[in-house]
Amino acid sequence: MESTGYEEISLSSLSSSDYSQLEELVTFLIEEFKGKGVNISLPSLRIDAFSLDVMGKVQDIKKSSLTFAPEAGSQRLRDVINKGLTKEVILEGAGMAFEGGWNKVKLYFMLGLPTETEEDMRAIPELANDIAVRYYEIPKDQRNGKCQITISTSFFVPKPFTPFQWARMYPPEDYIGRAKIVNDAVKEQLNRKSIKYNWHEADVTVLEGVLARGDRKVGQVLLKVYEKGGIFDAWSEFFDYQRWLDAFEECGVDMDFYTMRERPLDEIFPWDFIDTGVTKEFLKREWQTAMGETVTPNCRMKCSGCGAARFKTGVCVADRN
Ligand code: SF4
C-alpha cells in the first residue's frame with residue numbers, strides 16, 4: 001500500500017466467508033489501516049449474522065451495498081448451474097441486512113445460460129421486486145430512506161474445464177433480445193422505481209466465447225487484429241468489433257465454429273492435454289446432471305469423485321489437514 005498509493009483492499013472471491021480465518025484477517029486489516037485512508041471491501045459474502053457483523057465493521061452502512069450473485073433468476077435454472085442459493089436464503093439475508101441499516105443491494109446474474117427460458121429471464125426482476133417488498137416491510141421510521149436495487153447481467157460464456165465446456169452460445173442479437181426481456185419485465189414490477197438494470201455488451205461476449213474455447217487457429221486471428229491496430233480492446237474506447245470480424249474473415253476462421261454449436265460429447269478439445277486433476281468424465285457427468293436439473297451436493301456434504309484429490313487439493317484434502 002505504501003509503494004502504490006492504492007486506497008482500497010478488496011477481498012474478492014466468490015465465497016469469502018468459506019475462508020475460516022476471515023474474522024482474524026478482517027480485524028487485522030481494520031487495525032492495520034485504521035486512519036490511513038484505506039478502504040477494506042468485502043464483496044459477495046454469504047449474508048448471515050456473522051458476515052453482516054464483519055461487513056458492518058469495514059463498510060459505511062449508509063453508503064455501501066450488499067452484493068448477491070444468484071447468477072440465475074429462477075430456482076430451476078439455479079439448480080441447472082448447481083448454485084445452491086435459494087430465494088428464501090437471499091430474502092432472509094437481505095432482510096437481516098435491511099434491519100441492520102443497509103438499503104442498497106447489487107444483484108449479479110447471467111443471461112443465456114443453457115436451457116434458459118423466458119420465465120427464467122423474467123424471474124430476475126421478480127426477485128429484485130421481492131427484495132424491495134422485503135425492504136418496505138420494515139416500518140417507515142426504522143428504514144434508511146428508499147431502497148436501491150441494481151441488477152447487472154452479463155452473458156454466459158462457457159469455459160474450459162467446466163461442465164459447460166460443451167455448451168453453445170447465442171448470436172449478439174439474441175443476447176440483446178434477452179436483456180430486453182429483462183428490461184421490459186423490470187418496468188412491470190410494482191417497485192420498479194427502486195430497481196436499476198445494467199447489462200454487458202453482447203459483441204464482446206461473443207468474442208470472449210471464441211477466445212475462451214478457441215484453438216491454435218485463433219492465434220493467427222489475434223496477431224491479425226494486432227497488426228490492424230488492435231490494442232487495449234478491453235477498454236471500450238479502443239474496442240472495434242468490425243476489426244475482429246475482418247481479421248476472422250481474412251484468416252478464414254469461422255467464429256461460429258467456436259461458439260454456436262453444442263459440442264458432441266466425444267469431441268477432443270484443444271485443452272484436453274492439460275491435466276487439472278478434475279476428470280473429463282466427471283465434467284461430462286456434471287453436464288448431464290445439469291441438463292437434468294439435478295443439484296450435485298456441496299463437496300463438504302458428499303464427494304462426487306471429481307478427481308481433484310489426486311493432486312492433493314480440493315475441499316476433501318483441505319478439510320482433512
Ligand atoms: S470432495 Fe474432493 S474429490 Fe470429492 S468432489 Fe470435492 S474436490 Fe472433488
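First listed ligand is number 1; within each ligand, the first listed atom is number 1.
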[X] with [Y]: basic N within carboxylate O range, under 4.0 Å:
X	Y	value
Asp184	Lys180	yes
Arg122	Glu188	yes
Asp275	Arg310	yes

* To do: Under 4.0 Å from a heavy atom of Ser304: give me the atoms of ligand 1 that qualify, with their elements.
  =>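 Counting from 1, the qualifying ligand atoms are 4 (Fe), 5 (S).
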* To do: Give the numbers and elements of all ligand 1 atoms closer than 4.0 Å to a heavy atom of Gly305.
  =>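 Reading through ligand 1 atom by atom, the close ones are 4 (Fe), 5 (S).
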* To do: Over all heavy atoms of both residues, which pair between Pro114 and Met291 is shortest? Give the atoms and the distance, please.
  =>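 Looking at all heavy atoms of both residues, the shortest contact is CB-CE, 3.8 Å.
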* Would you say Cys306 has an N, O or S atom lying under 2.8 Å from atom 8 (Fe) of ligand 1? ->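 Yes, Cys306 qualifies, because one of its backbone or side-chain N, O or S atoms lies under 2.8 Å.
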